[in-house]
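All of these numbers come straight from a predicted model, not from anything done at the bench. Chain letters run A, B, ... following the sequence lines, proteins first, then strands; residues in each count from 1.
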Number of protein chains: 2
Amino acid sequence: MKLEKAAAQLEALGNPTRLQLYRILVRAGDGGLAVGSVQGKLDIPSSTLSHHLKRLVDTGLVTQERQATTLICRANYPGMNALIGYLADECCADAACAPAVGKALA
Amino acid sequence: MKLEKAAAQLEALGNPTRLQLYRILVRAGDGGLAVGSVQGKLDIPSSTLSHHLKRLVDTGLVTQERQATTLICRANYPGMNALIGYLADECCADAACAPAVGKALA
DNA sequence: ACCAAATTTCGAAAAATATGGAAATAGCGT
DNA sequence: ACGCTATTTCCATATTTTTCGAAATTTGGT
């Protein structure tokens, strides 16, 4: 994981609307959710939603798959884990300490 | 953890300079690092560094403690864990699946 | 009280982000 | 081909963020 990519993903999640959107997809699990279904839950204009969704897809946090006219969106769990790992993986590398999370994930 | 707080923390980490800065502190461990030491590693103007640092402190990701004229900065590990937990904790809540990370941290 | 070092605040300009209405596009059923 | 629904792109605007020089502030030593 490169710093730039991690930062882009964190920034993508760092907007309340997008974070809410992402969490909806995380909750939805492997089945995913159609863009329209997400819109129903968020109650924001479709163009705004599309922008936010694009950001999550572009940064690799969400994947999309067409099913007829609807687009199914899914949280990219491996991507999420890589990001979390990145945050923790060098925990205390320069000092001895009880790792908070990092090694537990290794 | 409230959505707004999590988003603010993620946004704080979502800037390459701040992420780098945060990781430097994460690596430093409990001993922390003086602002000046961090500046030496990042090579950015002190005023810019101060702004970024303030953002991390304001969002609760970093703590500071005075030691004479220098300010020691430390990554707030429990804070980091809370944030990571927030990202994962409702993983697949609406669907059965093998949790990627969430339950492993519980 | 004064000086030096460390860090923050002020102020200001350039760039990026967030938002949403309106128009365009994509895919399917008929 | 047409119409319908789902979704994106275009465009514009308001707001926020990023950046950093210069000035101010804080703290401790003498």
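- The distance from atom CG of A:Leu13 to atom P of C:dT17 is 15 Å, rounded to the nearest whole Å.
- To the nearest angstrom, P of C:dA18 lies 13 Å from CG of A:Leu19.
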### Query
Which parts of nucleotides 18-29 of chain D does protein reach within less than 4.0 Å, heavy atoms only, written one letter per nucleotide 5' to 3' as B for base, S for sugar-phosphate only and - for none?
SBBBB----BS-

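- Using a 4.5 Å heavy-atom cutoff, the side chains of A:Ile72 and A:Thr63 are not in contact.
- Minimum interatomic distance between B:Ala12 and B:Thr59 (heavy atoms only, all atoms of both residues): CB-OG1, 3.8 Å.
- Atom CG of A:Leu53 is separated from atom C1' of D:dT9 by 14 Å (rounded to the nearest Å).
- No side-chain heavy atom of B:Asn76 sits under 4.5 Å from any side-chain heavy atom of B:Leu61.
- As a whole-Å value, the separation of A:Ile72 CD1 from D:dA6 C1' is 11 Å.
- In this structure, the helix from C:dA1-D:dT30 to C:dT30-D:dA1 shows an angle of 30° between the axis at its start and the axis at its end, each fitted on 5 base pairs and rounded to 10°.
- Contact annotation for B:Thr70: backbone-only contact, meaning every heavy-atom pair under 4.0 Å involves sugar-phosphate atoms and none involves a base.
- If you measure from atom NZ of B:Lys54 to atom C1' of D:dT17, you get 14 Å, rounded to the nearest angstrom.
- Scanning both residues, B:Pro16 and A:Glu4, for their nearest heavy atoms gives CG-OE1, 3.6 Å.
- Going from atom CG of A:Leu21 over to atom NE2 of A:His52 covers 8.0 Å, rounded to the nearest 0.5 Å.
- One interatomic measurement links the two molecules: CD of B:Glu65 to P of C:dT7, which rounds to 13 Å at whole-angstrom precision.
- Between B:Arg55 and B:Glu11, some side-chain heavy-atom pair lies under the 4.5 Å cut-off.
- The distance between atom CG of B:Leu42 and atom P of C:dA6, rounded to the nearest whole Å, is 17 Å.
- Using a 4.5 Å heavy-atom threshold, the side chains of B:Met80 and B:Tyr22 count as touching.
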### Task
Start with the C-alpha distance between A:Leu10 and B:Asn15, add both sets of side-chain angles, then the distance that settles side chain to side chain contact (heavy atoms under 4.5 Å, CB included), and finish with yes or no.
CA-CA 8 Å; A:Leu10 289 164; B:Asn15 170 279; over 6 Å; no

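- If you measure from atom CG of A:Leu10 to atom P of D:dT17, you get 16 Å, rounded to the nearest angstrom.
- Residues A:Leu53 and A:Val38 have side chains not in contact (no heavy-atom distance under 4.5 Å, counting atoms from C-beta outward).
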